[in-house]
Amino acid sequence: MNELEKEFQRYLFVEKQASPHTLETYARALRMFREWMGECFSDWESCQPDHFRRWLLEGLKEQKSSATLRLRFSALRSFYGFLLQKGYSVVNPMGELSMPKKQDSLPVILTIDQMLELLELPYRVPVPASSPQWLPYRDAAILELFYSCGLRLSELVSLNVHDVSFSRKVLKVTGKGRKQRILPVGDPALVALDTYIGMAGLGGHSPLFVSRLGKRLSGRSIEMLLDKYVRASSLPFSISPHKLRHTFATHMLEAGADLRSVQELLGHASLSTTQIYTHVTRSRLVEAYKKAHPRA
């Protein structure tokens, strides 16, 4: 990472209050372009529009998804916008670049029965005798909280014990841009959390979810945890924390929640981001109609 990239990272963190995930994603995109350029790369100011067109074309030939390509070039556009704003450059080679159209793919979600099966698995899957007794209860609390609150992975990882109010039945969450929101928590999730915290002996300032060594659980560890339970389930597809977030939002709307409330719960800045779930519920309604109606 050269000095301009480091300065860009500081700008994102301090001025834009970007999340660690965004910082990592943007840094990776810049690094990938530099590595693709190889010895042809001298500095960012010398890059030409044709360089970026060729990199985009190569990504299309490799059949990278439009979402992946748009994310890469969004990072590069933001970087050059920063260079212009701070006076490090007078030219933006990204200005004339056209991006592939965004694909309107619907998110994959679990049915209620699939979700209930997943929530029960921590209590059923055998654990090694050397594991602490609280381990299945921690895993159960993680799954319950994902489904109860629709959290992002980064939000769940950053939680501390004192962020949970058992008396008020709410959770304080720090989301994108370090914006905080207060979320209601369902009784099953609160019971799972209370059991796990008590068994693990966690104090108020402790990370909420910890490893066997008492360290804050990483996002990668939680993804591996989900993979383990999916392998032990009847689910026909893999599960990510974001799919659990999609499931939460869709089940809320199907049960009658209004779109604005779901927007607030998810922490979306724009209602248009939340509207994807109305398409999901509509498509599921059509599917149910076709299966059930004799003259569909």
Side-chain angles (χ1 to χ4, degrees), residues 12-13 16-29 65 67-68 71 74-75 105 107-110 114-115 118-119 121-122 135-161 163-164 170-186 189 192-193 196-197 202 206-212 215-231 233 235 237-252 262-269 273-274 276-277 280:
L12 290 174
F13 180 74
K16 292 297 184 180
Q17 298 186 330
S19 69
H21 176 71
T22 299
L23 295 175
E24 180 183 346
T25 300
Y26 278 31
R28 187 189 307 120
S65 71
T68 296
L71 184 60
S74 175
S105 57
V108 175
I109 67 162
L110 283 72
Q114 288 171 336
M115 193 67 231
L118 187 63
L119 293 173
L121 283 173
L135 201 65
Y137 298 91
R138 179 203 67 185
D139 294 356
I142 288 172
L143 294 176
E144 287 282 3
L145 207 55
F146 268 134
Y147 184 51
S148 182
C149 300
L151 300 177
R152 301 179 178 93
L153 177 59
S154 60
E155 293 171 346
L156 183 129
V157 166
S158 65
L159 289 171
N160 295 317
V161 173
D163 291 323
V164 184
V170 296
L171 181 71
K172 183 175 71 174
V173 176
T174 303
K176 288 186 175 181
R178 301 181 202 170
K179 293 180 180 178
Q180 291 189 337
R181 63 189 192 278
I182 304 296
L183 301 177
V185 186
L193 282 167
Y196 153 64
I197 291 170
L202 301 179
S206 166
L208 182 55
F209 295 113
V210 298
S211 67
R212 304 179 191 201
K215 304 294 184 182
R216 186 182 297 276
L217 209 59
S218 69
R220 180 59 188 146
S221 295
I222 292 176
E223 290 172 338
M224 292 170 65
L225 177 154
L226 284 177
D227 289 340
K228 178 182 75 171
Y229 289 121
V230 168
R231 288 194 298 270
S233 74
L235 297 180
F237 45 75
S238 63
I239 294 298
S240 67
H242 218 65
K243 284 180 183 175
L244 297 183
R245 181 169 160 88
H246 292 325
T247 299
F248 160 82
T250 303
H251 289 182
M252 288 287 294
V262 175
Q263 177 194 3
E264 291 293 325
L265 291 169
L266 291 173
H268 284 162
T273 310
T274 317
I276 181 66
Y277 299 109
V280 177

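Positions are given from 1 along the sequence. It should be emphasised that the depicted structure is a prediction, and the values quoted were computed from it without experimental measurement.
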- Query: How long is the gap from CD1 on Ile222 to CE on Met224, to the nearest 0.5 Å?
  - Reply: 12.0 Å

- Any chance OH of Tyr147 has more than 12 other-residue heavy atoms, nucleotides or ligands included, within less than 6.0 Å? yes

- When rounded to the nearest 0.5 angstrom, what is the spacing between CD in Gln114 and CD1 in Ile109? 9.0 Å

- For Thr247 against Met115, the heavy-atom pair lying closest together: CG2-SD, 4.1 Å

- Message: Do Tyr196 and Asp139 make a side-chain contact, defined as non-hydrogen atoms from C-beta onward lying under 4.5 Å apart?
- Response: no

- Message: Within this structure, what is the CZ-CG distance for the pair Arg231 and Leu226, rounded to the nearest 0.5 Å?
- Response: 11.0 Å

- Considering all heavy atoms, the nearest Leu266-Arg181 contact: O-NH2, 3.3 Å

- Item | Closest approach of Thr174 to Gln180 (non-hydrogen atoms, all atoms of both residues) | OG1-NE2, 3.5 Å

- Should the pair Arg178 and Phe13 be classed as cation-pi, given the thresholds of under 6.0 Å to the six-membered ring centre and 45° from the axis? yes

- Query: Below 4.5 Å, heavy atoms only, C-beta onward: do Arg152 and His21 meet side chain to side chain?
  - Reply: no

- Message: Would you say that Arg212 contacts Leu135 through its side chain, given a criterion of any heavy-atom pair below 4.5 Å between the two side chains?
- Response: yes

- Message: So Phe146 and Leu153, do their side chains get closer than 4.5 Å, heavy atoms only?
- Response: yes

- Taking all atoms of both residues into account, what is the closest heavy-atom pair of Ala141 and Phe209, and its distance? CB-CE2, 3.9 Å

- Task: Compute whether any side-chain donor of one residue and acceptor of the other, for His268 and Thr274, lie under 3.5 angstrom apart.
- Result: yes

- Message: Under the rule for ring-ring contact (aromatic ring centres under 6.0 Å, His included), what residues qualify as partners of Tyr26, not counting sequence neighbours?
- Response: none

- Message: So which atom in Val262 and which in Ala249 form the shortest heavy-atom distance, rounded to 0.1 Å?
- Response: CG1-CB, 4.0 Å

- Message: I need the Leu143 CG to Tyr229 OH distance, nearest 0.5 Å.
- Response: 7.0 Å

- Message: Nearest 0.5 Å, please: how far is CG in Asp163 from CD in Glu155?
- Response: 11.5 Å

- Around Lys16, counting heavy atoms of other residues, nucleotides and ligands shown, do more than 12 lie under 6.0 Å from its NZ? no

- So, for Pro207 and Leu202, which heavy atoms are closest and what is the spacing to 0.1 Å? O-CD1, 4.0 Å

- Are Ser233 and Leu121 close enough that some pair of their side-chain heavy atoms sits under 4.5 Å apart? yes

- Go through the steps for Val164 and Leu208 under the test side chain to side chain contact (heavy atoms under 4.5 Å, CB included), then give the verdict. CA-CA 9 Å; Val164 184; Leu208 182 55; 4.0 Å; yes

- Report the C-alpha separation of Leu151 and Leu171 in whole Å, then their side-chain angles, then the decisive distance to 0.1 Å, and conclude whether the side chain to side chain contact (heavy atoms under 4.5 Å, CB included) test is met. CA-CA 11 Å; Leu151 300 177; Leu171 181 71; 4.0 Å; yes

- Message: Walk me through whether Leu193 and Val161 qualify under side chain to side chain contact (heavy atoms under 4.5 Å, CB included).
- Response: CA-CA 9 Å; Leu193 282 167; Val161 173; over 6 Å; no

- In this structure, CG of Leu235 is separated from NZ of Lys243 (nearest 0.5 Å) by 10.0 Å

- If we only count heavy atoms from C-beta on, is the Leu217 to Leu156 side-chain gap below 4.5 Å? no

